[in-house]
Amino acid sequence: MSDAYVPVARLSDLAPGEAIDVTLGDLELAVVRDADGGVHALEDRCSHDEIALSDGDVEGCTIECWKHGSQFDLRTGRPLQLPAVLPVRVFPVRVDEGRDEILVDPSAPPTP
């Protein structure tokens with residue numbers, strides 16, 4: 001496991017069912033809290049039309065691109081609804097509730 005985790009947001013600032021955009025250098029992430037309170041980080045670009053997924057709707061463990069309706073699984077990045085057919089990259093996340101921090105490992109290899 002990599003020790004490259006960096007803080008990206010406060011857990012208390014991200015309500016269940018909400019997504020925010022985070023920039024780490026050249027990397028643009030969507031940090032998402034699913035309906036059950038789980039936190040996920042994925043590439044903030046729809047693989048179909050380069051639209052920011054952080055502007056999309058979160059339902060359950062999916063996020064939907066607002067422009068054409070592509071849906072992606074927050075855990076795997078795999079598309080669940082056309083027109084997207086390619087996955088988006090997901091990143092490992094840790095939550096430090098004591099410090100109220102969401103940490104992401106931006107150096108993790110691409111997901112299969």
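Positions are given from 1, in the same order as the sequence printed here.
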Looking at D44 and L53, would you say the former's side chain and the latter's main chain have a donor-acceptor pair under 3.5 Å? yes

In the structure I gave you, are the side-chain heavy atoms of P79 and S70 within less than 4.5 Å of one another anywhere? no

To the closest 0.5 Å, what do you measure between CG (L29) and CG (L42)? 8.0 Å

Would you mind listing every salt bridge (charged side-chain N to carboxylate O under 4.0 Å, His left out) that reaches into residues 59-73, with sequence neighbours excluded? D49-K67, D73-R75

Between SG on residue C61 and CG on residue L74, distance to nearest 0.5 Å: 5.0 Å

ring-ring contact (aromatic ring centres under 6.0 Å, His included) partners of residues 40-90, not counting sequence neighbours, each pair once: H48-H68

Looking at CG of D105 and OH of Y5, how far apart are the two atoms once the value is rounded to the nearest 0.5 Å? 5.0 Å

Would you give the length of the straight line joining atom CG of L86 to atom SG of C46, rounded to the nearest 0.5 angstrom? 10.0 Å

Does D36 reach the main-chain N or O of G38 with its side chain, forming a donor-acceptor pair under 3.5 Å? no

Restricting to non-hydrogen atoms, name the atom on I63 and the atom on G56 that form the minimum distance, rounded to 0.1 Å. CG1-C, 4.4 Å

Using the rule that Ile, Leu, Val, Met, Phe, Trp and Tyr join whenever any side-chain heavy atoms are under 4.5 Å apart, tell me whether L24 and V31 fall into a single cluster. yes

Is any side-chain heavy atom of S47 closer than 4.5 Å to one of P87? no

Inter-residue atom distance L14.CG - D100.CG, 0.5 Å rounding: 10.5 Å

Do any N or O atoms from the side chain of Q81 and from the backbone of Q71 form a donor-acceptor pair under 3.5 angstrom? no

Report the distance from atom OG of S54 to atom CZ of R45, rounding to the nearest 0.5 Å. 7.5 Å

Under 4.5 Å between side-chain heavy atoms, hopping through other hydrophobics if needed: is there a path connecting I20 to V6? yes

Taking the side chain as everything from C-beta on, heavy atoms only, tell me whether R33 gets closer than 4.5 Å to L11. yes

So if I apply the side-chain contact (heavy atoms from CB on, under 4.5 Å) rule between V104 and each of V39, V22, V93, which one comes out positive? V93

